[in-house]
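Below: the structure, in structure tokens.
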4 protein chains.
Amino acid sequence: MNTGSGSMEAPSPRRWQRRKDERTGEIIEAALGLFCEKGFSATKLDDIARAAGVTKGTPYLYFDGKEAILKAVVRATLIDRLGEIEAECRDYRGSRTVLIRRLMLKWWDEVGSTELAGLCKLMVAEAANFPELARFYHDEVIVRSRALMRAVLLDGVREGEFRPMPDTDAVIDALQAPLLMNMIWQHSFARFDESATGSYTKQRLETTLDLVLAALTAAGTTRQGNPTT
Amino acid sequence: MNTGSGSMEAPSPRRWQRRKDERTGEIIEAALGLFCEKGFSATKLDDIARAAGVTKGTPYLYFDGKEAILKAVVRATLIDRLGEIEAECRDYRGSRTVLIRRLMLKWWDEVGSTELAGLCKLMVAEAANFPELARFYHDEVIVRSRALMRAVLLDGVREGEFRPMPDTDAVIDALQAPLLMNMIWQHSFARFDESATGSYTKQRLETTLDLVLAALTAAGTTRQGNPTT
Amino acid sequence: MNTGSGSMEAPSPRRWQRRKDERTGEIIEAALGLFCEKGFSATKLDDIARAAGVTKGTPYLYFDGKEAILKAVVRATLIDRLGEIEAECRDYRGSRTVLIRRLMLKWWDEVGSTELAGLCKLMVAEAANFPELARFYHDEVIVRSRALMRAVLLDGVREGEFRPMPDTDAVIDALQAPLLMNMIWQHSFARFDESATGSYTKQRLETTLDLVLAALTAAGTTRQGNPTT
Amino acid sequence: MNTGSGSMEAPSPRRWQRRKDERTGEIIEAALGLFCEKGFSATKLDDIARAAGVTKGTPYLYFDGKEAILKAVVRATLIDRLGEIEAECRDYRGSRTVLIRRLMLKWWDEVGSTELAGLCKLMVAEAANFPELARFYHDEVIVRSRALMRAVLLDGVREGEFRPMPDTDAVIDALQAPLLMNMIWQHSFARFDESATGSYTKQRLETTLDLVLAALTAAGTTRQGNPTT
DNA sequence: GATGAATGAGTCTTCATTCAT
DNA sequence: TATGAATGAAGACTCATTCAT
């Protein structure tokens with residue numbers, strides 16, 4: 001009757017709620033690791049469950065199935081990061097050149113160089129097999145990230161920091177592709193590449209950034225000194 | 001009675017032989033189409049067989065299994081093309097700039113812009129799941145194609161057409177990555193991209209080529225100091 | 001609130017557990033029957049499952065595959081019996097002649113004259129096709145049963161009950177072979193043998209035992225002379 | 001019309017006949033080796049054909065199928081030998097003891113110690129799977145060989161060489177079983193038996209023969225008593 | 001007679017998902 | 001909420017047998 005010590009027997013609704021959220025998080029966490037490591041198909045739901053400390057049936061109490069878990073994983077990681085970055089951009093005042101460099105490096109540090117890279121590669125690999133998932137990723141990650149870059153670039157143009165660019169999408173590609181290629185490479189052929197010839201590094205990423213940003217500001221030619229650095 | 005041409009003396013071992021060769025080709029053809037369209041795992045051997053106009057067991061008369069079929073497909077397409085290109089390079093005398101442009105456009109025309117693109121994407125997607133297959137592709141396609149480019153680039157440097165480049169692999173990446181990205185894109189998210197913002201075209205490929213080749217030869221010009229790097 | 005017996009605290013993990021144990025037994029039981037009746041290769045896993053009242057996939061929850069099931073069957077029957085017999089021997093004090101007779105008759109009653117005989121025949125029949133299985137049987141059944149007999153025989157010799165025997169293995173063969181032959185016969189040609197000429201019976205088994213045991217003790221007679229050999 | 005030089009184009013019927021017989025023999029020969037070595041199921045018809053120097057379809061021109069080939073193999077080997085032995089017995093005049101020893105040793109030399117042993121083991125192993133085959137073997141090999149022995153034994157009794165025996169079948173078993181066990185052992189567990197404890201040898205076979213024959217004639221000695229039984 | 005390409009029934013095995021407890 | 005036993009659809013691969021040539 002005394003609930004003083006009985007908290008474990010009859011947890012408050014909120015407590016359950018918290019537990020529920022935790023469970024969700026634990027499952028997402030577990031799934032993230034396995035998906036990134038082994039890919040989507042090769043990851044068994046049983047593995048996810050066990051890694052989350054629950055049993056086979058439990059994930060179905062929180063998610064509609066394997067695909068839904070992947071969706072949740074993407075949301076909890078990539079899309080979250082994207083949200084942060086978007087917020088950062090909204091508040092930002094200052095050099096777009098600096099901003100772009102910062103965004104790219106953040107993405108590298110928090111995604112490209114982490115296990116999350118495997119998630120991006122996974123989406124590419126499975127896109128054809130799971131159209132609904134692919135659309136979700138396309139709309140929520142790809143489109144949004146491109147939109148973000150586009151906005152920054154156009155802001156830069158409007159404010160005179162960048163010269164007008166005839167094909168914004170090409171610029172976005174030029175910025176993002178190397179990073180994406182690296183993520184894909186790491187999770188496909190990197191293991192066979194003893195000399196690591198194909199591996200991107202942060203160093204190389206920065207070189208690419210310098211190059212593209214230099215080109216964007218190059219029009220400044222007469223305007224000022226040597227940009228890039 | 002006199003069988004003038006002796007057609008009966010050769011009871012067509014050739015006929016069967018021919019059929020056998022054709023079968024191999026037909027199966028490879030069928031497999032190519034299905035692999036490119038649906039990926040490796042999603043393609044059932046039964047589908048391949050039916051698409052080739054035979055039944056389930058027949059492909060096993062010609063190949064050791066699904067992986068072997070994929071290997072044969074890669075050999076019959078990508079590796080063949082690569083061989084042609086290698087031969088072309090061996091005999092070539094002339095501007096390396098022209099040669100590189102020609103190679104890249106050939107690859108675009110014969111692979112990048114065809115269904116074969118799906119094969120490249122497939123290998124990336126399944127590399128993690130089929131290590132033996134991945135190694136084969138890595139050694140026979142990736143390594144060889146990079147070696148080819150490296151040779152051409154170094155020739156160009158030796159003969160003074162290109163300026164010395166500190167990181168050949170980075171240049172190779174710069175040349176190949178856009179094309180590869182395009183192939184991957186086409187077979188993953190392109191279908192969701194109504195505005196086709198992410199799509200490479202031959203036009204864009206040429207732009208990239210111009211850019212990189214210009215950078216490679218730029219130093220040779222008397223024009224000015226050290227660009228890029 | 002006070003749950004007197006606490007029946008709710010243990011929400012029947014035991015219930016499932018019990019079911020699980022039962023399942024294993026049911027599958028082994030079903031497999032035993034089918035293996036003995038139809039042999040190993042001719043028994044489909046689907047049959048086993050159905051005979052156990054479950055569906056195709058279920059046996060895989062309990063065993064690694066068909067061979068593993070057979071192993072389990074052998075363990076649960078022959079090896080278990082062997083264990084009992086070994087225990088019986090360890091504790092035994094008394095006439096080895098009596099002991100050997102008892103062991104042989106036990107084996108006859110619990111194996112030779114039951115469906116388990118089919119299991120022994122099966123192992124002989126499939127030994128060449130499943131080496132790993134055969135080695136298991138060889139090591140766990142054949143070697144152990146021979147070792148057991150050898151120990152008893154040598155004990156008998158040491159204690160003067162049996163005369164020294166130049167070739168223990170030959171004696172073991174003489175004791176075991178008739179029983180084994182019978183088991184093999186029952187599950188191969190017995191069905192075609194209307195007159196049952198080739199069939200061993202318990203009676204004939206006892207005759208053989210008498211014969212061999214008599215020979216083993218015969219030397220004890222004052223007659224000496226040249227026994228057997 | 002002139003067949004002078006046309007012998008190859010139009011061979012005489014007899015020539016074809018000969019060829020046909022040869023083919024049959026070659027296939028039987030090839031099948032024998034493979035059956036003995038690998039068992040019935042594990043031997044592919046394709047293997048037999050190739051070993052016989054023909055192709056897959058050819059055996060079907062001479063036999064109704066795999067089972068029929070095995071039948072032919074048994075006929076051409078075991079049943080043939082049996083026929084010889086039967087003939088030998090018919091003409092024989094002299095000691096039955098000597099005759100039995102001779103028969104057993106012949107069987108050992110020509111079957112037990114040769115690859116043909118594998119055939120006997122095969123029949124035991126597959127009897128349950130191929131009833132029609134098993135009946136054939138039972139009737140043509142087992143029954144006949146037992147009848148042969150029985151006749152010799154009874155002749156011996158009639159002529160006073162052997163003492164009357166209450167259970168002729170038991171005696172036949174005693175004579176044949178060791179040899180059969182050896183054949184089975186060689187093709188099942190012998191390979192796992194490093195110490196070769198279970199292996200019969202010609203030596204051991206002779207010992208058994210001595211033993212049984214001694215028992216059969218023992219009564220004839222002045223010693224009288226009631227032996228064996 | 002001989003070939004050998006093709007057939008297709010047969011079986012093991014995996015795993016996402018369900019549901020009684 | 002959590003369990004975990006059970007399901008059953010799906011798919012790769014084998015090989016005896018057939019038959020057009």
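Just so it is clear, the values below take in all heavy atoms, side chains as well, and ignore hydrogens, waters and symmetry mates. Chain naming here is simple, since letters A, B, ... match the order of the sequence lines and numbering starts at 1 in each.
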Do NZ/NE/NH1/NH2 and the carboxylate oxygens of B:K121 and B:E126 come within less than 4.0 Å?
no
For [X] and [N], is the shortest distance between a side-chain N/O and OP1 or OP2 below 4.0 Å?
X: B:K44; N: F:dG11; result: yes
X: C:Y60; N: E:dT13; result: yes
X: D:R23; N: E:dG1; result: no
X: D:T58; N: E:dT3; result: yes

Regarding [X], tell me which of base, sugar-phosphate or nothing describes its non-hydrogen contacts under 4.0 Å with the strands shown.
X: B:L61; result: base
X: B:T43; result: sugar-phosphate
X: D:K66; result: sugar-phosphate

[X] has an atom [atom1]; how far is it from atom [atom2] of [N], in whole Å?
X: B:E22; N: E:dA5; atom1: CD; atom2: C1'; answer: 13 Å
X: C:E67; N: E:dT11; atom1: CD; atom2: C1'; answer: 14 Å
X: A:R50; N: E:dC15; atom1: CZ; atom2: C1'; answer: 13 Å
X: A:L45; N: F:dT3; atom1: CG; atom2: P; answer: 14 Å
X: C:E26; N: F:dA6; atom1: CD; atom2: P; answer: 8 Å
X: B:I48; N: F:dC13; atom1: CD1; atom2: C1'; answer: 13 Å
X: B:Y62; N: F:dC13; atom1: OH; atom2: P; answer: 18 Å
X: C:D46; N: F:dA6; atom1: CG; atom2: P; answer: 16 Å

If each of B:D64 and C:G53 is mapped to the nucleotide of DNA chain F with the nearest heavy atom, which maps nearer the 5' terminus, i.e. the 5' end?
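Result of the comparison: C:G53.
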Could you say whether C:T55 or D:A42 is positioned toward the 5' end of DNA chain F, judged by the nucleotide with the nearest heavy atom to each?
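First, find each residue's nearest nucleotide; the 5'-ward one identifies C:T55.
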Has the side chain of C:K56 got a donor or acceptor atom sitting under 3.5 Å from an opposite partner on the base of E:dT13?
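Flag set: donor-acceptor pair detected.
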A:A51 and A:L34: which non-hydrogen atoms are nearest, and at how many Å?
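Looks like CB-CD1, 4.0 Å.
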Restricting to non-hydrogen atoms, name the atom on D:E115 and the atom on D:C36 that form the minimum distance, rounded to 0.1 Å.
O-SG, 3.1 Å
Assess whether atom NZ of A:K44 is packed by more than 12 heavy atoms of other residues, nucleotides or ligands within 6.0 Å.
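Atom NZ in A:K44 is not crowded, with 12 or fewer foreign heavy atoms closer than 6.0 Å.
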Have a look at A:I69 and tell me which of A:D64, A:L45, A:L32 forms a side chain to side chain contact (heavy atoms under 4.5 Å, CB included) with it.
A:L45
Can you tell me the Watson-Crick or wobble partner of F:dT21, both distances under 3.5 angstrom?
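The base-pairing partner of F:dT21, which may sit in any strand shown, is E:dA2.
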Watson-Crick or G-U wobble partner of E:dC15, both distances under 3.5 Å:
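Result: F:dG8.
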